[in-house]
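Reading through the structure tokens given below for one structure.
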Protein chains: 2
Amino acid sequence: MRNAEFDREKVLRSAMTAFMEKGYAKTSMQDLKAATGLHPGSIYCAFDNKRGLLLAALEQYRLDRSVEFEAFFADGRPVLSQLKSYLDDLVQQCLSCDSSQACLLTKALNEVAEQDAEVQQIIADNLARWQAALEQVLVRAATQGDLTSGRDSAHLARYLAMGIYGLRTFAHTHPGADTLQALADQLYHDICA
Amino acid sequence: MRNAEFDREKVLRSAMTAFMEKGYAKTSMQDLKAATGLHPGSIYCAFDNKRGLLLAALEQYRLDRSVEFEAFFADGRPVLSQLKSYLDDLVQQCLSCDSSQACLLTKALNEVAEQDAEVQQIIADNLARWQAALEQVLVRAATQGDLTSGRDSAHLARYLAMGIYGLRTFAHTHPGADTLQALADQLYHDICA
DNA sequence: CACTATCTTGAATGAGCATTCAAAAACTTT
DNA sequence: AAAGTTTTTGAATGCTCATTCAAGATAGTG
């Protein structure tokens, strides 16, 4: 009897970072060993293989982002202020130029999903959950009277998600802070007006 | 004295397709040999190495897309009708579920740009050219009186580009045709209104 | 028709990869 | 503290990869 020594969450967050920085295909087991501190054998024991580690990392990413999301929308402020803060924070993330600040879901969606139906399904499900959470936020805004009512919240949530995808991609071309902020502001405006 | 036998454009389009289907890292020289019909030695002779082939493919992609773009906006119709057609065609491309219909620029931007500053610069330049072309279209619409004047065309062009990036990413989660069309329609509306 | 310069061919090369495994280490229970 | 069980370790394995190169093929030239 002996328990595993490593901290699963820490290992998965390190793996997440490694995958985001180099992409899945280019991240070698050596890279993962360096990032996580786990020797190959341990990784295989705990996660089956490299793909298993990706799946586990995707799940951890979903959990982490879910917690982060709740933190943004759980305080008592008006919903639209919360949404504004959420978008402003996104802009700051994009500006950090830190490749580990990218979105693992969209990154993996671009790189591996087309080749791996199961990964694609998992990512699509995770993004759908996120969109559903955005929709709840917009529904709450509508009931609070902050949103022009009568508009389809599900559609608006999808449009918001689309805008955020686009903003992240746009940020990869290294625009100025004001440019990026202006795009986020207009997105906010188009959702609310 | 002997001329090269292969058709450079055909070879580059085949390489483009291969890179878009499997991603750059996962496309092996064997894949490229199968896709282009060129033996490894010929590829190295003509393009130096795999990365050189990617650079050449990116340039060919830019040319092809530029021609396509001009075709959409060169007929005599009102500019906004042309823009609508452009977006509708984009939706159809996204719906085809054909991974070779993706955008090589954004795909490569996601996968290799973070690792390769030169590739990143080339892609950023190409995307900037495209945005400039979109801006010209919007300027033309404004002078024709079809657009609410007084808005910053450069900003609108960036917003349009952002929306298109987002639409392409969104499409990877395989939404229904109506969902995607509704998003494109709203993007069009938010640009024009 | 032969010469020559260039292209094409595809097997060889060495590096790097994901994965395995048997030995060593370490924690828990007795 | 000793036994037993599981984890950790890191070298070994076999494979695939990008790249090279020398031999053979081919087209233009005189």
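Below, each value reflects all heavy atoms present in this structure, side chains not excepted, and no hydrogens, waters or symmetry copies. Proteins come first, then strands; the chains are lettered A, B, ... in the order of their sequence lines, and each starts at number 1.
- Rounded to an integer number of Å, the gap from A:Ile43 CD1 to C:dT19 C1' is 11 Å.
- Remark: B:Asp64 engages B:Arg13 in a salt bridge (charged side-chain N to carboxylate O under 4.0 Å, His left out) (not counting sequence neighbours).
- Sorted by first then second residue, the salt bridge (charged side-chain N to carboxylate O under 4.0 Å, His left out) pairs that include residues 28-46 of chain A, not counting sequence neighbours, are A:Lys22-A:Asp31.
- Contacts of A:Arg51 classified as side chain to side chain donor-acceptor pair (under 3.5 Å), with partners at least two apart in sequence or in another chain: A:Asp116, A:Glu118.
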Would you be so kind as to tabulate the donor-acceptor pairs closer than 3.5 Å made by side chains of residues 157-167 of chain B, with sequence neighbours excluded?
unit_1: B:Tyr159; atom_1: OH; unit_2: A:Asp190; atom_2: OD2; d: 2.8
unit_1: B:Tyr165; atom_1: OH; unit_2: B:Gln131; atom_2: NE2; d: 3.4

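- No option in B:Leu180, B:Leu183, B:Thr169 other than B:Leu180 meets the side-chain contact (heavy atoms from CB on, under 4.5 Å) test with B:Cys94.
- Closest-nucleotide positions on DNA chain C for B:Gly37 and A:Gly41 were compared, and the one nearer the 5' end corresponds to B:Gly37.
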Would you tabulate the side-chain donor-acceptor contacts of residues 73-84 of chain A under 3.5 Å, counting partners in other chains and residues two or more places apart, or write 'none'?
unit_1: A:Asp75; atom_1: OD1; unit_2: A:Gln82; atom_2: NE2; d: 2.5
unit_1: A:Arg77; atom_1: NH1; unit_2: A:Ser85; atom_2: OG; d: 3.4
unit_1: A:Arg77; atom_1: NH2; unit_2: A:Ser81; atom_2: O; d: 3.4
unit_1: A:Arg77; atom_1: NH2; unit_2: A:Ser85; atom_2: OG; d: 3.1
unit_1: A:Gln82; atom_1: NE2; unit_2: A:Asp75; atom_2: O; d: 2.7
unit_1: A:Gln82; atom_1: NE2; unit_2: A:Arg77; atom_2: O; d: 3.4
unit_1: A:Lys84; atom_1: NZ; unit_2: A:Asp88; atom_2: OD1; d: 3.1
unit_1: A:Lys84; atom_1: NZ; unit_2: A:Asp88; atom_2: OD2; d: 3.4
unit_1: A:Lys84; atom_1: NZ; unit_2: A:Asp185; atom_2: OD1; d: 3.2

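- A:Leu53 places its CG atom 14 Å from the C1' atom of C:dT19, with the value rounded to the nearest Å.
- As rounded to whole Å, 6 Å separates atom P of C:dT8 from atom CZ of B:Phe6.
- Note on the helix from C:dC1-D:dG30 to C:dT30-D:dA1: terminal axis deviation equals 10°, with five pairs used at each end and the result rounded to 10°.
- Residues forming a side chain to side chain donor-acceptor pair (under 3.5 Å) with A:Glu59 (at least two apart in sequence, or on another chain): A:Arg62.
- A:Asp48 meets the salt bridge (charged side-chain N to carboxylate O under 4.0 Å, His left out) test with no other residue; sequence neighbours excluded.
- Rounded to whole Å, atom C1' of C:dA18 lies 11 Å from atom CG of A:Leu32.
- For A:His39 and D:dT8, the shortest distance from a side-chain N or O to OP1 or OP2 is not below 4.0 Å.
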Atom pairs under 3.5 Å: protein N/O with N/O of nucleotides 17-19 of chain D:
unit_1: D:dC17; atom_1: OP2; unit_2: B:Gln30; atom_2: NE2; d: 3.3
unit_1: D:dA18; atom_1: OP1; unit_2: B:Thr27; atom_2: O; d: 3.2
unit_1: D:dA18; atom_1: OP1; unit_2: B:Lys50; atom_2: NZ; d: 2.8
unit_1: D:dA18; atom_1: OP2; unit_2: B:Met29; atom_2: N; d: 2.5
unit_1: D:dT19; atom_1: OP2; unit_2: B:Tyr44; atom_2: OH; d: 2.4
unit_1: D:dT19; atom_1: OP2; unit_2: B:Lys50; atom_2: N; d: 3.1
unit_1: D:dT19; atom_1: O5'; unit_2: B:Tyr44; atom_2: OH; d: 2.8

